[in-house]
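Numbered from 1 within each chain, the chains take letters A, B, ... in sequence-line order.
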Protein chains: 2
Amino acid sequence: MEGNWLSPPERAAWVRLIGMLELLPAALDHQLRRDAGMTHFEYSVLAILSEVPEQTLRMTELAGFTNSTLPRLSNVVKRLVDRGLVERFAVPGDRRATNVRLTAAGHEKMVSSAPGHVDAVREYVFDALTPEQVDQLSEIAAGVLERLDPTGTRRPPIDPAPAS
Amino acid sequence: MEGNWLSPPERAAWVRLIGMLELLPAALDHQLRRDAGMTHFEYSVLAILSEVPEQTLRMTELAGFTNSTLPRLSNVVKRLVDRGLVERFAVPGDRRATNVRLTAAGHEKMVSSAPGHVDAVREYVFDALTPEQVDQLSEIAAGVLERLDPTGTRRPPIDPAPAS
DNA sequence: TAGAGTTAGTTCAAGCGACAACTTTCGCCG
DNA sequence: CGGCGAAAGTTGTCGCTTGAACTAACTCTA
């Protein structure tokens with residue numbers, strides 16, 4: 001109830017941002033589903049695990065890194081376990097907690113699907129941007145994220161993982 | 001299979017963009033659901049109709065403007081009709097086609113919910129950006145959209161509608 | 001050490017989107 | 001003008017996300 005409408009430049013930016021917000025996730029999901037048989041969210045889970053020490057993370061940490069919720073992650077991890085891509089095991093000190101670790105098969109999956117996904121990311125996003133725009137995008141997204149998640153609980157995971 | 005990994009700056013931008021792609025839509029949806037009792041997609045439909053001549057659009061056009069699909073739109077319009085916010089009627093010349101028009105109640109709904117939504121958009125996005133960044137974002141999103149939808153079928157609708 | 005409150009994670013029901021069929025209508029070509 | 005393919009929408013099924021309980025385990029305090 002404070003400010004009024006958006007200014008014309010803001011309006012233009014907003015319309016385009018909304019379009020990107022709807023089409024880009026759909027495009028990424030489609031690529032991964034077609035080429036790797038998994039969703040973008042599942043890919044993110046594997047990518048993050050592949051980059052972390054011991055390829056192991058607790059459920060709550062993993063939920064934070066993926067900008068997700070515990071119920072959602074719980075379901076997804078269940079599916080990944082069924083497919084043998086990750087495994088669950090108890091945390092020594094705390095019997096409430098659960099660790100999730102990438103399996104060898106999960107690592108293989110990342111190695112095989114990451115390059116194709118990175119190509120898609122290039123094609124849809126970075127091929128359209130100059131180096132200056134990449135930095136601008138970085139700053140802009142950082143500013144918005146600061147508003148959306150001031151606590152910073154959700155740390156920079158990574159998407160197109162090296163999966164070395 | 002062409003380029004290799006992302007460069008460090010690209011990687012940083014990517015991680016942040018992914019975070020924004022997941023958190024921003026969720027935040028907008030939450031605000032609208034809480035304050036207006038509808039989803040962001042439903043809001044978009046009403047907003048676009050409110051800005052178009054006669055507050056009327058054909059299903060296919062509306063699907064394009066909302067970056068959506070016909071089946072999805074069909075379901076949403078059905079719900080909006082049940083709530084009395086829009087109405088469907090035949091297109092004179094073509095008996096296959098269907099027009100959708102905003103009702104008086106739908107207009108009222110926009111008038112009452114748009115200001116709050118615009119405030120949210122400001123809070124999450126534009127308050128975090130300088131005027132220069134707004135223009136940068138506009139250019140960046142335009143470039144990405146060009147890659148995602150080269151045909152440009154999906155025209156600039158509008159999100160935070162005046163609902164005059 | 002018993003009890004209250006909190007945290008970690010799972011499960012269940014409800015709702016929405018995606019995809020594929022299906023119906024109806026139109027345009028076109030012989 | 002008969003028929004064939006394309007276009008416009010709708011409907012049905014399946015899978016996933018969400019939000020609300022619910023269980024189990026930990027911590028702090030009296």
Side-chain angles (χ1 to χ4, degrees), chain A residues 21-34 36-45 56-83 86-101 151 153, chain B residues 21-34 36-45 56-83 86-101 151 153:
Chain A
L21 250 45
E22 295 191 351
L23 295 181
L24 186 51
L28 295 175
D29 251 31
H30 187 261
Q31 183 271 324
L32 279 170
R33 205 179 279 270
R34 174 170 50 86
M38 61 180 162
T39 66
H40 183 259
F41 183 67
E42 291 170 338
Y43 178 88
S44 298
V45 169
T56 302
L57 234 37
R58 285 181 47 172
M59 288 292 287
T60 299
E61 293 177 293
L62 192 49
F65 287 178
T66 54
N67 298 307
S68 177
T69 61
L70 228 20
R72 181 183 183 188
L73 182 64
S74 183
N75 284 321
V76 170
V77 166
K78 189 195 308 172
R79 292 197 293 267
L80 293 177
V81 168
D82 289 345
R83 285 189 244 169
V86 305
E87 55 192 350
R88 264 186 290 207
F89 60 99
V91 173
D94 189 337
R95 266 182 298 181
R96 294 173 302 178
T98 305
N99 272 333
V100 183
R101 180 168 51 205
T151 73
T153 303
Chain B
L21 250 44
E22 294 190 350
L23 295 181
L24 186 51
L28 295 175
D29 251 30
H30 187 260
Q31 182 272 323
L32 280 171
R33 205 179 281 269
R34 174 170 50 86
M38 60 180 162
T39 66
H40 182 259
F41 183 68
E42 290 170 338
Y43 177 88
S44 296
V45 168
T56 302
L57 234 38
R58 286 179 47 170
M59 289 291 288
T60 299
E61 293 177 293
L62 193 49
F65 287 178
T66 54
N67 298 307
S68 177
T69 61
L70 228 19
R72 181 183 182 188
L73 182 63
S74 183
N75 284 321
V76 170
V77 166
K78 190 195 307 173
R79 291 197 293 267
L80 293 176
V81 167
D82 288 345
R83 286 189 244 167
V86 304
E87 56 191 351
R88 265 186 290 207
F89 61 98
V91 173
D94 189 337
R95 268 183 297 183
R96 294 172 302 177
T98 306
N99 271 334
V100 183
R101 180 169 49 205
T151 73
T153 304

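Judged as a side-chain contact (heavy atoms from CB on, under 4.5 Å), and not counting sequence neighbours, the contacts of B:Thr98 are B:Met59, B:Arg88. Partners of B:Arg95 according to the salt bridge (Lys or Arg N to Asp or Glu O under 4.0 Å) rule, which considers only residues two or more places apart in sequence or in another chain, do not exist here. Judged as a salt bridge (Lys or Arg N to Asp or Glu O under 4.0 Å), and not counting sequence neighbours, the contacts of B:Arg96 are B:Asp94. With sequence neighbours excluded, no residue satisfies salt bridge (Lys or Arg N to Asp or Glu O under 4.0 Å) with B:Arg58.
Between A:Leu23 atom CG and C:dA18 atom P the separation is 11 Å, expressed in whole Å.
Panel note: side chain A:Ser74, backbone A:Leu70; no donor-acceptor pair is recorded below 3.5 Å.
A close approach under 4.0 Å does occur between a side-chain nitrogen or oxygen of B:Arg95 and OP1 or OP2 of C:dC26.
Among B:Leu73, B:Asn75, B:Thr69, the one residue that satisfies the side chain to side chain contact (heavy atoms under 4.5 Å, CB included) test with B:Pro71 is B:Thr69.
Sorted by first then second residue, the salt bridge (charged side-chain N to carboxylate O under 4.0 Å, His left out) pairs that include residues 64-83 of chain B, not counting sequence neighbours, are B:Glu42-B:Arg79, B:Glu42-B:Arg83.
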Could you run down nucleotides 1-16 of chain C 5' to 3' and tag each one B, S or - for protein heavy-atom contact under 4.0 Å? ------BSSBB----S
N/O donor-acceptor pairs under 3.5 Å from side chains in residues 25-33 of chain A, not counting sequence neighbours:
| unit_1 | atom_1 | unit_2 | atom_2 | d |
| --- | --- | --- | --- | --- |
| A:Asp29 | OD1 | A:His40 | N | 3.0 |
| A:Gln31 | OE1 | A:His117 | ND1 | 3.0 |
| A:Gln31 | NE2 | A:Asp35 | OD2 | 3.1 |

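In the 5' to 3' direction, nucleotides of DNA chain D lying under 4.0 Å from heavy atoms of chain B begin and end at D:dA7 to D:dT11.
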